Structures are given as C-alpha cells and as structure tokens.
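The structure presented is a predicted model; accordingly, all values stated were derived computationally and were not measured. Protein chains get the first letters and strands the later ones, always in sequence-line order, with residue 1 at the start of each.
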Amino acid sequence: MAGPALLFGERLLAWFDNYGRHDLPWQHPRSAYRVWISEIMLQQTRVDTVIPYFRAFIERFPDVSALARAEADEVLHHWAGLGYYARARNLQRAARIIVERHGGVLPCEHAALESLPGIGRSTAAAILAQACGQRAPILDGNVRRVLARHAAVEGWPGAPRVQARLWEIADLRMPDLRPADYTQAIMDLGATVCTRHAPACDRCPVTDDCAALVQGRVADLPMPRPSKALPVRTRWAGLVRSPDGTYLERRPSSGIWGGLYSLPEADDPDAVRAWVSCRWSQAREAIPSPARIGHSFSHYRLDLHVLRFDLPAGACGIMEGEGAIWYKPGLAIRVGLPAPIERFLNDRGNSDDGTNG
DNA sequence: AAGCCGGGGTG
DNA sequence: CACCCAGGCTT
C-alpha cells in the first residue's frame with residue numbers, strides 16, 4: 001500500500017554514489033566541449049569503443065577553435081572506424097557555427113544547442129545536464145530500456161507513440177537535484193545492471209516499484225524492433241596496384257562511407273574495366289579470380305567484388321591531389337578509410353604490388 | 001512514418 | 001546469424 005520511502009531519483013543517486021562510473025575520460029575534466037564530443041561519439045556507439053577515439057580526438061582537436069580550423073579529411077581520419085561519418089562532418093560544421101555565433105563557447109540553452117547540426121533532443125539535454133547543470137531529461141538506449149521496464153511500457157521504443165510516452169516518463173522521473181549525476185546514474189544503471197540480456201535485478205536500486213519485475217516480464221521488455229529481411233546489394237570495385245600503392249578516391253559526402261577514401265566502384269565488372277582502361281591504358285587485369293568483400297550495414301548487405309589491376313612503374317598518370325591518393329599499408333595517412341576496406345587492403349597480397357615479394 | 005547512415009559486441 | 005547500442009537527419 002505504501003510506496004517506496006524514497007523517490008526514484010533519490011534511490012538512483014544513492015546507488016550512483018556507490019556503484020556508478022566516475023572515471024570516464026570525459027568526466028575529468030568535464031568541460032562543455034569534452035561533453036559535447038563524447039555525446040556525439042556515443043551516439044549508437046558503445047563506451048568501450050569510444051574511449052580510445054575520444055582521447056586521440058581531444059588531443060588533436062583540444063577545443064572548439066581547433067576543430068573549426070581543421071581540414072575535413074583530418075577530422076574524418078580521426079573518425080575512421082567509428083561509423084556514421086555524418087557525425088564528424090556535422091561536428092565540424094557545428095564547431096564553426098559555435099565560433100561565429102557563440103564566441104567559441106557552447107550555449108547553455110536547449111533551443112540553441114538543438115539547432116546545431118548533429119545535436120538532437122537527447123544530446124542537447126545531455127549537454128545541458130552534464131555541462132550546464134540544468135534539469136533536462138535524456139532518452140537514449142539505456143534510459144529507454146530502464147524506463148520501458150520500470151513503467152512496463154508496451155511496444156517497440158522506436159515507434160513514435162511509444163517514444164513519446166517514454167519521454168513523458170523520463171521527465172516525470174528526473175529529480176530537481178544533481179542533474180548531471182542523475183543523467184550519468186540512469187545511463188550507468190542501464191549499462192551495468194538493467195542490461196538487455198540477463199539484467200541483475202538483485203543489484204538494482206529501483207526494484208521496489210519496477211512494473212516489469214512485478215509482472216515477471218523483465219526479459220520481454222522493451223519489445224524488439226519488428227524484423228525485416230536485409231536486401232543484398234552487389235557492387236564491383238577496382239583494385240589498381242602500382243609501385244606507389246593502391247589507388248583510392250574520395251567518396252561523395254552523402255551516401256554510405258561519405259567523405260571517406262575507398263576503391264572506385266561500379267554496378268558491373270565491365271564498367272570497372274572500362275573505367276580503369278580509360279585512365280591507365282597500360283593497366284593489366286590480374287589473373288586470379290576476383291576477391292570479395294562482404295559487409296553488413298543496418299539496412300542492407302554489401303557484396304563487393306574486387307577486380308585487380310597492375311600498373312608498371314611510372315604509369316600512374318594521376319598525381320595525388322583532389323580526391324585521390326595512392327595508399328600503402330603502414331604509411332601514415334591523413335584521410336579516413338572504411339573499416340572493411342582498410343582491413344582488406346592490409347591483408348597480405350592485396351595492396352602490395354607483388355614486385356617486392 | 002519510414003528510410004538512411006557503421007561498426008563491433010554478444011547471445 | 002540476429003539483435004542492439006550514450007541518435008539524428010532526410011524524405
């Protein structure tokens with residue numbers, strides 16, 4: 001009959017003081033710039049993945065001004081492997097806006113933050129709470145899972161109707177005190193206790209009024225996304241090898257792997273052959289059968305067939321420069337490569353020209 | 001409302 | 001292999 005003696009937020013904060021994460025790189029020091037960079041990197045990306053990227057990024061771009069001044073290729077180079085490369089482009093666009101419009105300082109106002117490219121409702125709230133000390137509820141993957149269970153919210157959280165309900169609950173649950181700690185606390189609870197698989201309810205500070213636990217449905221909430229079969233997209237690529245390295249070109253800024261450097265591609269093998277022979281009349285297609293790169297994205301499966309061509313010394317014909325480089329594994333590069341392409345090129349025998357081994 | 005945009009961890 | 005993750009933008 002009587003409810004829990006302490007409010008949701010009070011129980012969570014007490015738990016956080018003892019069991020929360022207090023040693024994340026962006027917590028020391030917790031500047032607005034570092035919080036912003038971490039929040040963007042953490043979009044759809046796990047903490048353990050982000051940490052090394054965050055350290056290197058902050059070292060190279062220590063403040064808003066440094067990021068605003070940087071070359072786009074170098075920003076993407078520091079982002080390569082993280083995925084969702086529009087985040088990097090938006091980050092730099094936002095940095096330049098912050099310099100021009102806000103004197104190089106992130107604004108502590110929700111509308112101003114959310115108007116910046118790459119910052120949506122939840123990221124704006126995370127910055128407000130953690131960098132400005134304001135009461136602003138977030139709704140990320142962890143919070144969605146915690147609240148969907150605690151309030152037993154039906155439906156897939158990605159559905160707008162369900163999401164709207166979760167935003168309501170997030171606002172109701174958030175206390176007035178210690179906004180930064182509460183924000184970190186509810187994320188920590190989701191990441192370490194209220195996990196997707198095998199949650200540790202025996203270590204949870206808010207089980208007293210957890211609706212999913214009472215109903216014995218912790219394992220069923222939140223409900224999964226409706227599944228759909230992934231289409232397969234077949235593409236053909238040209239691997240042109242010269243003594244100078246492998247030819248890579250910059251991809252368009254929109255579309256998959258936007259702004260990264262990769263092998264030239266086409267829809268069919270003859271288009272690749274025509275493109276190569278048009279550029280390098282001395283190119284010879286290698287005898288071995290084409291290699292294959294398989295890669296799965298969130299919305300389709302890529303089946304990339306790779307035709308190999310060899311160029312004699314001095315036949316490159318195209319200097320490095322606008323949108324093209326000759327890539328050699330191990331050599332320092334200043335651009336970003338898609339993770340599966342870099343793996344492929346670094347495999348023995350793919351990117352070396354065979355004349356030295 | 002649905003699609004687009006990466007890569008890796010995990011069962 | 002399928003699902004998910006410190007989401008946001010575009011259509």
May I ask you to evaluate whether T45(A) reaches the phosphate of dG6(B), defined as a side-chain N or O under 4.0 Å from OP1 or OP2?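 No, outside the criterion.
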
Counting the atoms with a prime plus P, OP1 and OP2 as sugar-phosphate, which does [X] contact under 4.0 Å by heavy atoms, base, sugar-phosphate, or nothing?
X       : answer
Q184(A) : base
S227(A) : sugar-phosphate
I341(A) : nothing
A339(A) : sugar-phosphate
W26(A)  : base

Between the base of [N] and the side chain of [X], is there a donor and acceptor pair under 3.5 angstrom?
X       : N      : value
S122(A) : dG8(C) : no
R225(A) : dA2(C) : no
R46(A)  : dC5(C) : yes

Of R196(A) and L139(A), the one whose closest DNA chain C nucleotide lies more 5':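 Nearest nucleotide further toward 5': that of R196(A).
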
Closest to the [X] side chain: [options]?
X       : options                : value
S298(A) : dG7(B), dC5(B), dA6(C) : dC5(B)
K228(A) : dC5(B), dG3(B), dA6(C) : dG3(B)
Y84(A)  : dG7(C), dC3(C), dA6(C) : dG7(C)
Y85(A)  : dG7(B), dG8(C), dA6(C) : dG7(B)
R301(A) : dG7(B), dG7(C), dC1(C) : dC1(C)
Q43(A)  : dC5(C), dG8(C), dA6(C) : dG8(C)

Should the SG of C204(A) and the SG of C194(A) be checked, would they turn out to be under 2.5 Å apart?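 No.
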
For the [atom1] atoms, the ones on [N] and on [M], what distance do you get once it is rounded to whole angstrom?
N      : M       : atom1 : value
dG6(B) : dT11(C) : P     : 16 Å
dC3(C) : dG3(B)  : P     : 15 Å
dA6(C) : dC4(B)  : P     : 24 Å

Has the side chain of R11(A) got a donor or acceptor atom that lies under 3.5 Å from a matching backbone atom of L6(A)?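 Side chain of R11(A) to backbone of L6(A), a donor-acceptor pair under 3.5 Å: yes, one is there.
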
Aromatic centroids of Y247(A) and W275(A) separated by under 6.0 Å: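 Yes, they do, as the ring centres are separated by less than 6.0 Å.
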
Does the plane of the ring in Y300(A) sit parallel, tilted or perpendicular to the ring in F297(A)? Use 30° and 60° as the thresholds.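 Tilted, since the angle between the ring planes falls between 30° and 60°.
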
Nearest-nucleotide 5' precedence on DNA chain B, T49(A) against G255(A):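 Going by which nucleotide is closer to the 5' end, it is G255(A).
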
So is R121(A) actually on top of W167(A)'s ring, under 6.0 Å and inside 45° of the axis?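 Yes, a cation-pi geometry holds between R121(A) and W167(A).
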
